[in-house]
Number of protein chains: 2
Amino acid sequence: MERPAANGSRQSRVISEMRQRIITGAAASGALLSEVALAEEFGVSRTPVREALKQLQTEGLVEIRPRVGTFVAAPSRRDLTELFEMKELLEGAAARLLAQRGRVREVELLEENVHQGDLAVRADDRARYAELVQEFHDLLIVGADNTKLEAHYRTLMNQLAYSRLVHTSLGQPGRALQSEREHHVVLELVLAKDGDSAERVMREHVRASRRALLAGLEPGL
Amino acid sequence: MERPAANGSRQSRVISEMRQRIITGAAASGALLSEVALAEEFGVSRTPVREALKQLQTEGLVEIRPRVGTFVAAPSRRDLTELFEMKELLEGAAARLLAQRGRVREVELLEENVHQGDLAVRADDRARYAELVQEFHDLLIVGADNTKLEAHYRTLMNQLAYSRLVHTSLGQPGRALQSEREHHVVLELVLAKDGDSAERVMREHVRASRRALLAGLEPGL
DNA sequence: GTACGGTCTGTTGCATACATGAAACGAGAG
DNA sequence: CTCTCGTTTCATGTATGCAACAGACCGTAC
């Protein structure tokens, strides 16, 4: 193979590309991921592809049925419930931890985020607000300053394909305004360093967003 | 969307054996895990060994330095703090969820466990009590009836190599008795279906056990 | 003694060939 | 038509060879 050697590990490129494809939905749920097909597509041999799939399996994004094939994971209804339960748990804990840390950089970014959120809601700019919602939750997690928590959280969100779901949730009438109000309360409690309440309210916020999501999803499910 | 399929392939044997070796400490922290050495030892080729190591990496048990080698992960002080933070969080949530479920099978097993624990403490049988402590925490997690929570929890405990640590913790004078008392309270709150309090007390219990552990590890800290 | 540079060894990264099992398929019997 | 069972096909599972890179080692110049 006189291929002008790709710089950097080929496998890592394969992994991130595959992951992105699954999260964004470019690879349909339940679809077969053939090793040879992927290998040809990425211009590498089966070996790095196999290792990438293996990693995606432990991340819960694909299911490997031995001797049969690798398939894009299809979360069941129960999986969704469990994932949201975990989301509630981790984000609640993050709110508490952040509150305990005091006025760190992430808190200031949250203030700016909430400010921008107000503007987006007032302007009824749903796409912009969806972005800000994601940033809000992300800041909370990062601000908790616990790399394990962050890692597990990201794994969960990937399984949820949350970046797609958030739009559905915000599509419910009045949800954006309500969501933004809840963000306000969480931020205030973080600023007041009231970890207990911040955690409680954050959990309620997650439950509310889940309800809105399921309400928007129900027809199709 | 299930966790690692328990098939009978050689690779799964390699993985579980390696994992066990790391968790139990048979493979020293920081030690180099040579692919060829492991392959020869297990009587397989490098390929399944490589894939096993890859999986252990995403579980956080080994660190792969590209083109250099694979090493048994050595948790830093900060890692330990973060891991305990997560332990507190997950076990607390599990207590809450179990309390909400009512009188399920795991609750009955917990009652029996606490009863046995009383006997072990009274008899000053430390080894037996260490077993029971692990079972207690395990029942709690399983009883939460959330497979994601359980999976993440097990990953974390593997990283902590908790099965080794628990003995250190219980070695502190009076810790066993105190621990058993705390188990009692948690169980009572679960029986009373008081999820809020169960979570709170469980968190305190985890923090207390962490303090006992650190005191036993480094008397100076 | 120290700094420098080249070589050398050990390790992983990737490609490829072969082994093996699962599921689809189709011919034939009933 | 339907069921059975052997065959065929196609996917993954594993072994192995070669290449490339990191780091140790050693001789040499100063």
Quick one: salt bridge (Lys or Arg N to Asp or Glu O under 4.0 Å) partners of Glu63(B), sequence neighbours excluded? none
d(CG, Leu33(B); C1', dT11(C)) in whole Å: 13 Å
Output all residues satisfying ring-ring contact (aromatic ring centres under 6.0 Å, His included) with His137(B), sequence neighbours left out; order by chain, then residue number. His183(B), His205(B)
Calculate the interatomic distance between Phe71(A) atom CZ and dA23(C) atom C1'; express it in whole Å. 11 Å
Atom CD1 of Ile64(B) to atom P of dT11(C): distance rounded to whole Å? 15 Å
Glu35(A) atom CD is separated from dA15(C) atom P, nearest whole Å, by 13 Å
Euclidean distance, atom CZ of residue Phe42(B) to atom P of dG13(D) [Å, nearest integer]: 19 Å
Which residues satisfy the salt bridge (Lys or Arg N to Asp or Glu O under 4.0 Å) test with Lys87(B), sequence neighbours excluded? Glu91(B)
Answer with base, sugar-phosphate or nothing: what part of the nucleic acid does Leu53(B) contact at a heavy-atom distance below 4.0 Å? nothing
Is there any protein nitrogen or oxygen under 3.5 Å from a nitrogen or oxygen in nucleotides 14-24 of chain D, and what are the pairs?
from: dT14(D); atom 1: OP1; to: Arg10(B); atom 2: N; distance (Å): 3.2
from: dA15(D); atom 1: OP1; to: Arg10(B); atom 2: NH1; distance (Å): 3.3
from: dA15(D); atom 1: OP2; to: Ser45(B); atom 2: N; distance (Å): 2.6
from: dA15(D); atom 1: OP2; to: Ser45(B); atom 2: OG; distance (Å): 2.6
from: dA15(D); atom 1: O5'; to: Ser45(B); atom 2: OG; distance (Å): 3.4
from: dA15(D); atom 1: N7; to: Thr47(B); atom 2: OG1; distance (Å): 2.8
from: dT16(D); atom 1: O4; to: Thr47(B); atom 2: OG1; distance (Å): 3.4
from: dA20(D); atom 1: N3; to: Arg67(B); atom 2: NH1; distance (Å): 3.4

Please identify each residue that fulfils salt bridge (Lys or Arg N to Asp or Glu O under 4.0 Å) with Arg211(A), with sequence neighbours left out. none
Who are the salt bridge (Lys or Arg N to Asp or Glu O under 4.0 Å) partners of Glu150(B), not counting sequence neighbours? Arg154(B)
Show your reasoning for whether salt bridge (Lys or Arg N to Asp or Glu O under 4.0 Å) applies to Glu35(A) and Arg50(A). CA-CA 7 Å; Glu35(A) 291 179 3; Arg50(A) 273 184 70 76; 2.9 Å; yes
What's the CD-P distance between Gln57(B) and dT12(C), to the nearest Å? 13 Å
